[in-house]
Amino acid sequence: MSTLLEVTNLTVEYPTRFGIFTAIENINLSIKAGEIHGLVGESGAGKSTIGAAIIGLLSSPGYVASGDVKLHGESLRQLSDAEYHKLRGAKISMIFQDPQTSLNPLLTIEDQMVETIRQHAKISYSEAFAQAVSLLEEVGLEDVETRIQEYPHQFSGGMRQRVVIALALCTNPDLIIADEPTTALDVSVQKQILALVRTMADERGVGIILITHDIGVIAEITDNVTVLRGGRLKEEGPTAEVLGNPQHEYTKALMAAVPRLEVRLDRFTNIVKDETTNALGSDWKIPGASADFATEWLLKSTREVSQNVDPIMTIKNLDVTFYSERPFAFAKREGFKALKDISLDVVKGEILGVIGESGSGKSTLAKSIVGLVNPSAGEIRFDGDVLPQGSKRSRKDPIRRKVQMVFQDPYSSLNNRRKVYDIIAEPIRFFGLAVSKEETRKIVASVLELVEMPHRAMLQYPHQFSGGQRQRIAVARALVAKPEFLICDEPTSALDVSIQAQILNLLKDLQQTFGMTILFISHNLAVVRQMSDRIVVLKNGVLVEKSSAEDFFNAPQDNYSRKLLHETPSLELLNQTQG
Amino acid sequence: MLSNIKANWKRASIENEFLYLFLHNRVAQVAAFVAFVSIVGALFAPLIAPTDPYDLKSFSILDNFLPPAWTEMGEAKFLIGTDDQGRDLLSSILYGTRLSLIVGLSAMIFAAILGTSLGLAAGYFGGKFDAVVMRVADVQLSLPAILTALLVDGIARGILPREQHEDLLIVVLTVAIGLSLWVNFARVARASTFVERNKEYVQADEIMGLHPLRIMLVSILPNIMGPLLVIGTVDLAVAVLLESTLSFLGVGVPPNQPSLGTLIRIGTEYIFSGEWWIVVFPSMTLVIMIVSVNILGDFIRDVLNPRLR
């Protein structure tokens, strides 16, 4: 088959006030019709910039500095803006990450599809409508004739992404650029969308560039893959070869950092170094502060408080109902049950994994424990005592120190206007854990060292750190309260895989040293597999399975668990080649 | 040493976003310069002004209606002429600007403190408190600012004993203007607090059991300062304008202490009889000052709101 798209020595630069920033450098790609080519890399690798450069939509002030993009052997760089505009849609289409924002919420699907079709082909409305219907049927939408008149918000996330794909196919393009098309979707939906993308490539002969950070997705459907880092091409070739037998150091490290569903590792090895680690001023030290001091300090009182009751936390028949606003003054409020009759025990010193898709009530469970949500029924016991719930829990309740939480998004969980020192010192001050300012400083520096950050970090603001470093700071803040129970709500889902591996290693080490009990919430089965001793599965607010990690991954009892396990993009391909 | 400072400055001018954008925005620089000159002029009015317009002994009625110095009839002593009382116009403008700025600034700060605390609490607690505060704000918003100011001014005049009028006039004026401006701050503070309070860092504070007051003031307030600062600059201009309007209407500052508004009112009486300078120079001062403060406010808004860039 002839080459569809040829990218040669493409370099894109962004002028910034710090000088010219090279977003991608000397990138070469070639894509055939019917091929799915994966671009994989971590944030800042330049994946999306390549896509934008090909389709001619580089965000200002970026520009193509050198190199060429050829579609069907014709250079795209010579095109004027108007010609490029015609080409977009006609020859190249794009599928974006978030189906929420890539559809116009004020137009029906019919309006959007028919308008797009007629924009590119001079045909009558009814012909365009018929074409739209057949396209929507092709992407697997049911009951198309009625649903086409609905608005985007009436569709679920997966259905919306199908509509976006149909919209991209409207003009019968030769090339589709899919930028993280499944990142915003649950695994079960992701599986279906990926299958659809594969079908499109096979049956229509469309060339597809699939941009993703998820190696599982790459392994699942791509033919060829290009590994990128920091705007440079690291390795390329057929997917099976590159992932099965990686040649480049970076690819090897990246592969090692991907959590596996099949095996549980004690630690991730071959970690990719976080390039942004602040080398400047790393010799700035607080005298007497060290990781050993932090360990000693943290161990000092945590043991003596607990009465060693087993299990440490018991949740009985917990119900959480959220009420909507009254539609009018005396109307009955509509209730939505987020958690239904949840009962579970958490054994002291274990890591309990909580699995569930979005909307399954995982976060609500965490919020009920920490008192942010008011359960409508049931009780939570900690160390044998019943906990006051929600707003009834007093601010002075000792449980507020004993249970700490690490949040999902390190960009929102740290206050950007406060220094790292103030952020970490807040619990120390509030719970009165230190006697003097000097001691507080020493503790903060030591705990920072414990989470592998330089002492100097305490003088800086959160925005000066990368996502992984921020999550380390968030962990440090949770640690200084000397918690006995730590809740981690999707602590790594906002992070790159290599950073995720580092944070998971850190959490494991801390758990081993301090014997904390951890409630580990995640939608990612492979991550939960690496962390948990026992696992519970939530589905639509109901607890469907409770079992040990080994049993769960070897022989899940519930149908839903089996479905989840089956749908998680796996690296089976890797198993075959690596054993 | 000097090269060190130079290098530091150069680095700062690149690393600090605000400084960088300021150094690349000529309009903002001019506006900042004008605002700076107005403030310095107002601050040091007693030192700069040739005469003291508040001191009856320092001017003579015989000097009234003298045109600017460069015209035929002008006198060198009175650079831009005199008003109907024989007061030096330049001195009057300097003192008037000072009074306008003092009233405007304190009214703005009064409104900012009142509005921000109400808005912050409304956004944080929500529910009934929020509903009450925001309905009051809506009512306030349906009254023109000038009407509110007139109302407060009128009530104060009715309540206070006659002999205290003169002394308290400026305080009353400040409160009147402040009361008509707090709504802006309250609305912006409430909307921003709504966004911030759902962020995880606030939840982290709540889990710990921090006092709501501490969460609001230490955690949330610094994060909503950006939009409030913008409202602050815009409302400073509005407050100065309101003060001038009230003085123009004759319900503002005491007549023996002319502000810019008073001067413009006096000037309008003579605008058709040939004494143009009495109205033109105070008006120009006011316009230039308001425009430069507004441009500065816009600049700060653009810098703090990345979506507009």
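Side chains are part of it too, since the values below use all heavy atoms of this structure and drop only hydrogens, waters and symmetry mates. What you are looking at is a predicted structure, and each value in this text was computed from that prediction instead of being measured. Order of the sequence lines fixes the chain letters, A, B, ..., with proteins taken first and strands second; residue numbering starts at 1 for each chain.
Of all the heavy atoms in P462(A) and N416(A), the pair that sits closest is CB-OD1, 3.7 Å.
We find the CZ-CG distance between R190(B) and L120(B) to be 12.5 Å, quoted to the nearest 0.5 Å. In this structure, I518(A) CD1 and L510(A) CG are separated by 7.5 Å, a value rounded to the nearest 0.5 Å. To the nearest 0.5 angstrom, L217(B) atom CG is 10.5 Å from H211(B) atom NE2.
Within the 4.5 angstrom heavy-atom criterion, no atom of Y411(A) approaches chain B. With a 4.5 Å cut-off on non-hydrogen atoms, F407(A) touches chain B through its backbone and its side chain both. With a 4.5 Å cut-off on non-hydrogen atoms, L414(A) touches chain B through its backbone but not through its side chain. Using a 4.5 Å cut-off between heavy atoms, V218(B) touches chain A through backbone and side chain atoms alike.
When the candidates E206(B), K199(B), Q203(B), E196(B) are compared by the number of heavy-atom contacts under 4.5 Å with chain A, Q203(B) comes out ahead. Per-residue heavy-atom pair counts under 4.5 Å with chain B were compared for R393(A), Q408(A), Q404(A), and the maximum is reached by Q408(A). Each of M405(A), R477(A), E426(A) has some count of heavy-atom pairs under 4.5 Å with chain B, and the biggest count is that of E426(A). Heavy-atom pairs under 4.5 Å with chain B peak, among R417(A), K396(A), R418(A), at R417(A).
Between R400(A) and D397(A) no salt bridge is recorded (no basic side-chain N to carboxylate O distance below 4.0 Å).
A cation-pi arrangement is not found for R470(A) relative to F465(A), the charged atom failing to lie both closer than 6.0 Å to the ring centre and inside a 45° cone about the ring normal.
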